[in-house]
*Asks:* 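Below is the structure I would like to discuss, written out as structure tokens.
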Amino acid sequence: MTYQAPYKDMQLLVAQAYLQQDLATFESLDGFDPELANAVMEEAAKFASGALAPLNAVGDVQGCRFQDGKVITADGWREAYQQFAESGWIGLALPEAFGGQGLPKYIAQPVNEMWLSANLAFVMFQALAQGGSEILLNFANEAIQKRYLPNIVSGEWTVAMALTEPNAGSDLGALNTKAIPQSDGMYKIKGQKIYITYGEHDLADNIVHLVLARTPDAPAGSRGISLFIVPKYRVAEDGALGEFNDVRCTGIEHKMGLHGSPTCSMSYGDQDNCIGELVGELNQGLMAMFVLMNEARLSCGLQGVALGELGYQRALEYAKERTQGTNNQGEKVAIVEHADVKRMLLEMRSETFALRALGYRIAAQIDATEVADDSSNHNQSKKDRVALLTPIFKAFATERANVMAGQVVQVFGGMGFVEETGVAQIMRDARVTTIYEGTTGIQARDLVFRKVRGDEGKALTELLADITQLARAFESDVVFAPIAKETQQTVEKVTSLLNAYLLNHEVDTTSLQAVSVPFLEAMGILCCTWQLLSVLAYLQAHENDDVSYEQNVKAMVTFYGAYRLPFAMAALKVVENAGLGLSQYEF
């Protein structure tokens with residue numbers, strides 16, 4: 001399956017995010033400007049299209065093989081992994097002190113998107129390396145960091161996150177894996193985990209498992225969870241590999257999609273010889289997991305963007321080639337000339353573009369918060385904004401990726417239902433993105449209860465004020481005044497619901513849970529409109545030689561505002577009706 005990075009879009013949105021977050025004002029980011037970003041993106045684009053994209057279909061068709069406790073990846077994957085690691089891509093946004101390149105997230109974001117579009121199943125290990133390293137940097141002691149991080153950053157070892165158990169899915173408080181203290185300060189680990197991405201494979205010499213477990217005297221529920229580092233092969237003080245650590249893969253899942261990525265069932269300590277080392281404090285494992293979860297949710301949202309882009313490229317290419325039907329003059333035309341096909345293509349194009357802008361903005365905002373004075377109120381406000389936008393981005397981008405995947409198949413018609421065209425893979429690969437790292441319902445509850453009610457609506461109110469300010473800038477524009485007006489009406493509706501309903505503690509929480517997904521959907525559409533208007537304002541404020549490109553952005557703003565904003569108002573109407581009458585029906 002072919003893929004070409006949308007380089008022009010990426011350049012524009014990276015430059016915009018850099019300016020919006022005033023990254024040039026931070027001394028520690030000196031030199032990490034859009035010019036550097038463009039150079040990195042150019043090299044990444046070559047690798048994505050040249051090395052990774054050709055292996056996407058290979059992984060889908062061949063999948064992984066499980067033989068005698070070993071996982072064998074698809075043809076060409078081991079060679080591609082070595083090339084990926086040797087090129088330094090794994091440590092792109094990790095500290096130079098451990099062998100990384102130390103690039104800010106706003107530069108890593110478009111690069112990661114390229115990987116995800118080109119071959120999502122392949123590069124899932126990279127997100128695990130990034131998230132796992134972030135955990136060790138924040139919570140592990142210096143000795144653990146020195147022993148593990150250089151080899152993780154270099155790609156000699158990979159990372160697996162071992163959270164889920166057969167009896168405990170999203171409810172981590174129900175997990176049973178045991179960690180028994182030993183006299184030398186280590187712990188014997190015993191238990192089973194499921195759905196462990198890259199828990200076993202043949203790509204690297206060692207696999208470092210970060211395992212959630214309980215000590216014998218731990219409190220019940222989530223308060224008693226600790227985090228342990230459990231390598232497949234033990235690691236000596238000098239970093240050398242030692243004996244096998246009783247970490248076994250018992251099988252791999254046969255999945256709807258992502259066939260090339262091994263999803264493993266793991267068993268720790270079958271022979272009572274699995275040794276783990278505590279990361280952070282006892283019973284504080286979930287605190288460390290929140291670092292991973294935030295990283296993973298942003299990565300997952302970006303997967304939605306990446307799959308939307310891949311699908312759009314394939315659909316556009318096919319629509320230009322496929323001749324069927326006639327125009328008003330009776331001439332045979334390519335289906336790209338049909339209005340309904342145009343509608344689907346423009347919906348994919350505008351929503352992917354808007355969600356990309358949102359994802360890049362979040363990444364740049366994280367960079368700004370990490371290098372700014374942590375004690376300032378302004379910096380806390382930025383952190384709160386990131387926290388508010390994260391569940392919206394994760395859930396809405398992945399939900400829309402699934403819709404767009406369906407539209408790709410629709411554009412292809414009957415050929416979309418045939419595996420040989422390759423577009424069915426996009427639909428299958430996209431499906432799990434709304435499930436892992438917290439389902440859409442979990443993200444929506446997080447948005448309503450933790451992010452909105454948690455600070456009495458402060459972060460949301462500030463976001464709505466920014467959207468209103470931007471919309472007002474277009475009130476005098478003849479073309480965009482209607483969209484500016486409808487955007488403000490949507491903001492006003494959210495504000496009224498916030499004050500009368502979402503923050504009303506007399507409202508039954510079950511009713512709030514029932515409408516949390518429609519509320520998130522409305523916020524997703526509103527944020528996409530905000531981002532499209534923001535890009536248009538940026539283009540108008542800066543000299544742009546490409547008139548046709550700016551015209552296309554204007555077309556996206558017009559289309560999205562007219563077509564999608566009414567859906568936001570409809571979703572808010574559902575929230576206003578509250579509860580959906582779920583209690584009246586017995587299943």
Side-chain angles (χ1 to χ4, degrees), residues 1-16 34 37-60 76 80 83-84 87 89 92 107-123 126 260 302-322 334-336 341-342 344-357 359-360 397 400-401 404-405 407-409 411-412 415-416 420-427 429-430 535 546 548-550 552-553 555-556:
M1 188 179 293
T2 59
Y3 165 76
Q4 294 296 325
Y7 193 52
K8 191 173 185 66
D9 291 348
M10 289 176 164
Q11 276 187 307
L12 168 67
L13 297 179
V14 161
Q16 182 193 27
N38 292 338
V40 174
M41 286 190 291
E42 189 173 352
E43 289 304 310
K46 294 175 186 175
F47 190 79
S49 59
L52 297 187
L55 294 175
N56 197 21
V58 176
D60 183 57
Q83 188 179 354
F84 192 91
S87 299
W89 293 119
L92 190 70
I107 296 179
Q109 192 82 334
V111 173
N112 290 337
E113 184 196 329
M114 293 178 196
W115 307 148
L116 297 168
S117 283
N119 197 333
L120 171 57
F122 178 84
V123 296
Q126 193 274 337
L302 196 62
Q303 291 172 24
V305 175
L307 290 170
E309 176 63 36
L310 178 62
Y312 169 72
Q313 289 188 18
R314 297 287 287 139
L316 179 61
E317 179 184 26
Y318 182 79
K320 287 181 175 180
E321 294 173 351
R322 172 64 168 159
I335 63 173
V336 74
V341 173
K342 284 185 176 181
M344 289 187 286
L345 289 171
L346 189 49
E347 184 174 3
M348 283 185 262
R349 166 73 171 135
S350 58
E351 201 141 53
T352 298
F353 185 90
L355 286 166
R356 175 181 295 117
Y360 289 14
R400 296 308 297 174
M404 287 186 271
Q407 288 174 327
V408 175
V409 173
V411 170
F412 272 73
M415 291 302 294
E420 282 77 6
T421 61
V423 295
Q425 180 189 350
I426 300 173
M427 200 168 193
D429 285 354
V535 172
D546 194 337
S548 63
Y549 186 84
E550 184 170 336
N552 280 342
V553 172
M556 285 192 280

*Asks:* Answer yes or no: is there a side-chain heavy-atom contact under 4.5 Å between V123 and L116?
*Replies:*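 Counting from C-beta outward, V123 and L116 do come under 4.5 Å.
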*Asks:* Would you call the rings of F84 and F122 parallel, tilted or perpendicular if under 30° counts as parallel and over 60° as perpendicular?
*Replies:*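 F84 vs F122 ring planes: perpendicular.
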*Asks:* Could you report the tightest heavy-atom contact between L307 and I426, atom names first, then the distance?
*Replies:*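 Smallest interatomic distance, heavy atoms only, reads O-CG2, 4.1 Å.
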*Asks:* With sequence neighbours excluded, tell me which residues meet salt bridge (charged side-chain N to carboxylate O under 4.0 Å, His left out) with E317.
*Replies:* R314
*Asks:* Restricting to salt bridge (charged side-chain N to carboxylate O under 4.0 Å, His left out), what partner residues turn up for K46, sequence neighbours left out?
*Replies:*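 K46 satisfies salt bridge (charged side-chain N to carboxylate O under 4.0 Å, His left out) with E43 only.
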*Asks:* Got a sec, which residues hit salt bridge (charged side-chain N to carboxylate O under 4.0 Å, His left out) with D60, two or more places apart in sequence or on another chain?
*Replies:*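 D60: salt bridge (charged side-chain N to carboxylate O under 4.0 Å, His left out) contacts with R428.
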*Asks:* Look up atom CH2 in W115 and atom CG in L92, then write down how far apart they are to the nearest 0.5 Å.
*Replies:*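 Rounded to the nearest 0.5 Å, the CH2-CG separation comes out at 8.0 Å.
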*Asks:* Over all heavy atoms of both residues, which pair between A306 and S117 is shortest? Give the atoms and the distance, please.
*Replies:*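 Looking at all heavy atoms of both residues, the closest pair is O-OG, 2.7 Å.
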*Asks:* Determine whether V535 and M556 satisfy the following criterion, side-chain contact (heavy atoms from CB on, under 4.5 Å), listing intermediate values before the conclusion.
*Replies:* CA-CA 11 Å; V535 172; M556 285 192 280; over 6 Å; no
*Asks:* Are side-chain heavy atoms of M427 and V408 found at a separation under 4.5 Å?
*Replies:*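 A side-chain contact is absent here, since even the closest heavy-atom pair is not under 4.5 Å.
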*Asks:* If I compare all heavy atoms of L355 with all of A397, which pair ends up nearest, and what's the gap?
*Replies:*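 Taking every non-hydrogen atom into account, CD1-CA, 3.8 Å.
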*Asks:* Is Q303 reaching over with its side chain to a backbone N or O of L120, donor-acceptor style, under 3.5 angstrom?
*Replies:*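 Such a contact is absent between Q303 side chain and L120 backbone.
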*Asks:* Could you give the distance from CZ (R400) to CD (E351), rounded to the nearest 0.5 Å?
*Replies:*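 Going from the CZ atom of R400 to the CD atom of E351 covers 4.0 Å.
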*Asks:* At what distance, to the nearest 0.5 angstrom, does CZ of F412 lie from CD1 of I335?
*Replies:* 8.5 Å
*Asks:* Working to the nearest 0.5 Å, report the span between OG of S350 and CG of N552.
*Replies:* 11.5 Å
*Asks:* Which heavy atom in A48 sits nearest to a heavy atom in A118, and how many Å separate them?
*Replies:*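 Smallest interatomic distance, heavy atoms only, reads O-CB, 3.4 Å.
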*Asks:* Is a donor from one side chain sitting under 3.5 angstrom from an acceptor on the other, for Y3 and E309?
*Replies:*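 Result is no, nothing qualifies.
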*Asks:* Would you mind reporting whether F47 and Q83 have side-chain heavy atoms less than 4.5 Å apart?
*Replies:*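 Answer yes - side chains close enough.
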*Asks:* For the pair Q313 (side chain) and Q4 (backbone), establish whether a donor and an acceptor sit closer than 3.5 Å, ignoring hydrogens and angles.
*Replies:*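 Between the backbone of Q4 and the side chain of Q313 there is a qualifying donor-acceptor contact (under 3.5 Å).
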*Asks:* For side-chain contact (heavy atoms from CB on, under 4.5 Å), just list the numbers for M415 and R322, CA-CA rounded to whole Å, side-chain angles, deciding distance to a tenth of an Å, and then say yes or no.
*Replies:* CA-CA 11 Å; M415 291 302 294; R322 172 64 168 159; over 6 Å; no
*Asks:* What closest approach, in Å, do A319 and A334 show between heavy atoms, and which atom pair accounts for it?
*Replies:*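 For A319 and A334, the tightest heavy-atom pair comes out as O-CB, 3.5 Å.
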*Asks:* Can you tell me how far the CD atom of Q126 sits from the CG atom of N112, to the nearest 0.5 Å?
*Replies:*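 Reported to 0.5 Å precision, the distance equals 4.5 Å.
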*Asks:* I'd like to check Y549 versus D9 (side-chain heavy atoms, cut-off strictly below 4.5 Å). Are they in contact?
*Replies:*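 Heavy-atom side-chain distance check passes, below 4.5 Å.
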*Asks:* Determine the minimum heavy-atom distance between Q109 and G359, stating which atoms define it.
*Replies:*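 That would be NE2-O, 3.1 Å.
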*Asks:* Do any N or O atoms from the side chain of Y7 and from the backbone of N38 form a donor-acceptor pair under 3.5 angstrom?
*Replies:* yes
*Asks:* Any chance you could measure Y360, atom OH, to Q16, atom CD, to the nearest 0.5 Å?
*Replies:* 12.0 Å
